[in-house]
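What you see is a predicted model; the values in this text were computed from it and never measured. Residue numbers start from 1 in every chain, and the chains themselves are labelled A, B, ... in the order their sequence lines are given, proteins ahead of strands.
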Protein chains: 2
Amino acid sequence: MGKTEARDIFFNYIKEKGLRYTKQREAILGAFLASGKHITIDDLYTAVKKTNQDIGYATVHRNLKLMTECGLADEIKIGSHKARFEQKYGHEHHDHLICMKCGRFIEVHDEKIEKLQGKLAEANDFVPMRHKLEIYGMCKKCR
Amino acid sequence: MGKTEARDIFFNYIKEKGLRYTKQREAILGAFLASGKHITIDDLYTAVKKTNQDIGYATVHRNLKLMTECGLADEIKIGSHKARFEQKYGHEHHDHLICMKCGRFIEVHDEKIEKLQGKLAEANDFVPMRHKLEIYGMCKKCR
DNA sequence: CTAATATTGATAACTATTATCAATATAACA
DNA sequence: TGTTATATTGATAATAGTTATCAATATTAG
Ligand SMILES: [Mn+2]
Ligand SMILES: [Mn+2]
Ligand SMILES: [Zn+2]
Ligand SMILES: [Zn+2]
């Protein structure tokens, strides 16, 4: 479901920029597409290592940035924690409820809020391009 | 307008924790209350230095954290930039429109959005405690 | 005034990210 | 299929921001 298209997007982006499609890129892309939500660079590095033990951390880092540039990945920074990435291609936009106790991320979406954000920006002569809404609190399990 | 009360809050917090009220604390508090919006630790450090040239960076940092703990300051992290602080006591809650070109912060508030956020949390069995809404885009001046 | 201990300022340590660079891999093209 | 220009890699250094360490000093209760 979308893996081939995702690969095409990455491959085409690489080619358009005059870059080269390497075994490492293929491996990193594959591991990313197989990954769960909100992974860190370390998570992906560990995952890729399983099939490609000679991979370097910097290579994973660089390619995660490339995947972000071409729209396959989305970078999210929470509090003082390290950067996390989630799949973007084929995934709807959403915001996050973040549990302050267990760290769980709950993905949410509210079209009314999205619309009001647009109006709010407009009222301030501001052209919105992207936004981040994070609600911190306590999840069901943690109380 | 509120400066004395703000000082009381800090002083009482210090005392309650069995800490000591020092010249440095007084100077840092004063500089913070006189500061503008969204300052960095460096900004405050520079400001305090003017009247207290022997102050150390670590001392400013530590006390900014204390002021945050007792509710006088609010820490905001934008993108990959360094931490910024704004006055919280006597200031209403607000969110930010952030210009991606000039870096300007526009402070906004929308009660309807706030209410919908509460509902959204509730619908997910989540108890919200604080939230962060940042809309990135282009401000009026920058286009 | 004394004593216990919190604070300070300099700086080291730490964390995460990004840059550097020589060796190697890729891909266009002869 | 070679040749060649150059993009990529992996190790590691550098950087940026934050936080910890520690000896000297300041504060405060008694
Ligand atoms: Mn998500
Ligand atoms: Mn603000
Ligand atoms: Zn939880
Ligand atoms: Zn602007």
Side-chain angles (χ1 to χ4, degrees), chain A residues 10-32 38-70 73-85 103, chain B residues 10-32 38-70 73-85 103:
Chain A
F10 192 44
F11 188 85
N12 290 336
Y13 183 73
I14 292 295
K15 289 300 166 184
E16 277 164 25
K17 291 198 75 172
L19 305 180
R20 295 168 183 178
Y21 201 73
T22 64
K23 296 185 213 325
Q24 288 89 341
R25 291 209 157 117
E26 173 71 17
I28 292 166
L29 173 70
F32 177 66
H38 318 127
I39 61 167
T40 62
I41 300 175
D42 284 290
D43 292 340
L44 188 56
Y45 176 57
T46 302
V48 181
K49 272 238 159 184
K50 287 177 186 164
T51 58
N52 201 324
Q53 39 276 125
D54 292 335
I55 201 93
Y57 178 91
T59 301
V60 174
H61 171 270
R62 281 183 295 239
N63 282 287
L64 206 29
K65 292 287 179 182
L66 281 176
M67 291 191 279
T68 302
E69 280 174 35
C70 72
D74 211 10
E75 183 172 350
I76 48 188
K77 296 217 178 195
I78 299 297
S80 59
H81 296 62
K82 60 181 76 169
R84 288 178 177 276
F85 296 81
Chain B
F10 192 43
F11 188 85
N12 291 336
Y13 183 73
I14 292 295
K15 289 300 168 185
E16 277 165 24
K17 292 197 74 172
L19 306 181
R20 295 168 184 179
Y21 202 72
T22 64
K23 296 183 211 329
Q24 287 91 339
R25 290 209 159 118
E26 173 70 16
I28 292 166
L29 173 69
F32 177 65
H38 317 126
I39 61 167
T40 62
I41 300 175
D42 284 289
D43 292 338
L44 188 57
Y45 176 56
T46 302
V48 181
K49 271 238 159 183
K50 286 176 186 164
T51 58
N52 201 325
Q53 38 275 126
D54 293 335
I55 200 93
Y57 178 90
T59 301
V60 174
H61 171 270
R62 279 183 296 237
N63 282 289
L64 206 30
K65 292 287 178 184
L66 280 176
M67 291 190 280
T68 302
E69 281 174 35
C70 71
D74 212 10
E75 183 173 350
I76 48 187
K77 296 217 178 195
I78 299 297
S80 60
H81 298 61
K82 61 181 73 169
R84 287 178 177 277
F85 295 81

### Task
Take the protein atom CG of L44(A) and the nucleotide atom P of dA16(C), then report the distance between them rounded to whole Å.
16 Å
### Query
If you check every side-chain atom of T22(A), which of dT11(C), dT9(D), dT27(D) has the closest atom?
dT9(D)
#### Entry: L29(A) vs N63(A) side-chain heavy atoms within contact, under 4.5 Å
no
### Message
Quick check: closest heavy atoms across Y21(B) and I14(B), and the distance to 0.1 Å?
### Response
N-CG2, 4.0 Å
### Query
Do the side chains of D42(A) and Y57(A) get nearer than 4.5 Å, heavy atoms only?
yes
## Note on the structure
Picking from dT7(C), dT19(D), dA20(D), the nucleotide nearest the side-chain atoms of A58(B) would be dA20(D)
#### Entry: R20(B) CZ to K15(B) NZ distance, which is reported to the nearest 0.5 Å
8.5 Å
Name the pairs: protein N/O against N/O of nucleotides 22-24 of chain C, kept only if under 3.5 Å.
none

### Task
Would you kindly compare G18(B) and I55(B) by the position of their nearest DNA chain C nucleotide and give the one closer to the 5′ end?
G18(B)
### Query
Roughly how many Å is it from CZ in F11(A) to C1' in dA7(D), rounded to a whole number?
15 Å
### Task
State whether K15(A) places a side-chain N or O below 4.0 Å from either non-bridging phosphate oxygen (OP1 or OP2) of dA27(C).
yes
#### Entry: Rounded distance in Å - OH (Y45(B)) to P (dT19(D))
17 Å
## Note on the structure
Quick note, salt bridge (Lys or Arg N to Asp or Glu O under 4.0 Å) partners involving residues 46-59 of chain A, not counting sequence neighbours, are none
## Note on the structure
Rounding to 0.5 Å, atoms CG (L66(A)) and NZ (K17(A)) come to a distance of 6.5 Å
### Query
What's the OH-P distance between Y57(B) and dT21(D), to the nearest Å?
18 Å
#### Entry: Stepwise side chain to side chain donor-acceptor pair (under 3.5 Å) check, T40(B) with D43(B)
CA-CA 5 Å; T40(B) 62; D43(B) 292 338; 3.1 Å; yes
### Query
Which is it for F32(B) and V48(B) under the side chain to side chain contact (heavy atoms under 4.5 Å, CB included) test, yes or no, and what are the steps along the way?
CA-CA 9 Å; F32(B) 177 65; V48(B) 181; over 6 Å; no
### Query
Which atom names give the shortest non-hydrogen contact between I55(B) and Q24(B), and what distance separates them?
CD1-CG, 3.4 Å
### Task
Round to a whole Å and report the spacing from CD of E26(B) to C1' of dT7(C).
16 Å
### Message
Rounded to whole Å, how long is the line connecting atom NZ of K77(B) with atom C1' of dA16(D)?
### Response
12 Å
### Task
Rounded to the nearest 0.5 Å, what's the gap from OG1 on T46(A) to CD1 on I41(A)? Could you check?
11.5 Å
### Query
Looking only at atom types and distance, does a side-chain atom of R25(B) sit under 3.5 Å from a main-chain N or O of F11(B), one as donor and one as acceptor?
no
### Query
Phosphate oxygens OP1/OP2 of dG10(D): is one of them under 4.0 Å from a side-chain N or O of Q24(A)?
yes
### Message
For Y13(B), give me all partners under ring-ring contact (aromatic ring centres under 6.0 Å, His included), at least two apart in sequence or on another chain.
### Response
none
### Query
If you check the K82(A) side chain, which of dT17(C), dT19(D), dT8(C) turns out closest?
dT17(C)
### Task
Please tell me if the side chains of I78(B) and H38(B) come closer than 4.5 Å, counting only heavy atoms from C-beta onward.
no
### Query
At what angle, to 10 degrees, do the two end axes of the helix from dC1(C)-dG30(D) to dA30(C)-dT1(D) meet, given five pairs define each axis?
30°
#### Entry: Of residues 59-70 of chain A, the positions that come close to DNA chain C - non-hydrogen atoms, cut-off under 4.0 Å
H61(A), R62(A), K65(A)
### Task
Send over the distance from I28(A) CD1 to dT8(D) C1', rounded to a whole Å.
11 Å
### Out of dA10(C), dG10(D), dT27(D), whichever nucleotide has its closest atom nearest the side chain of K23(B)
dT27(D)
### Task
Apply side chain to side chain contact (heavy atoms under 4.5 Å, CB included) to L64(B) and I28(B), showing your working.
CA-CA 8 Å; L64(B) 206 30; I28(B) 292 166; 5.8 Å; no
### Message
When you compare the side chains of T59(B) and R62(B), does any donor N or O come within less than 3.5 Å of an acceptor on the partner?
### Response
yes
## Note on the structure
Between NZ of K49(B) and P of dG9(C) the distance, given in whole Å, is 9 Å
Nucleotide N/O of nucleotides 3-5 of chain C paired with protein N/O under 3.5 Å:
unit_1, atom_1, unit_2, atom_2, d
dT5(C), O2, R20(B), NH1, 2.7
dT5(C), O2, R20(B), NH2, 3.1

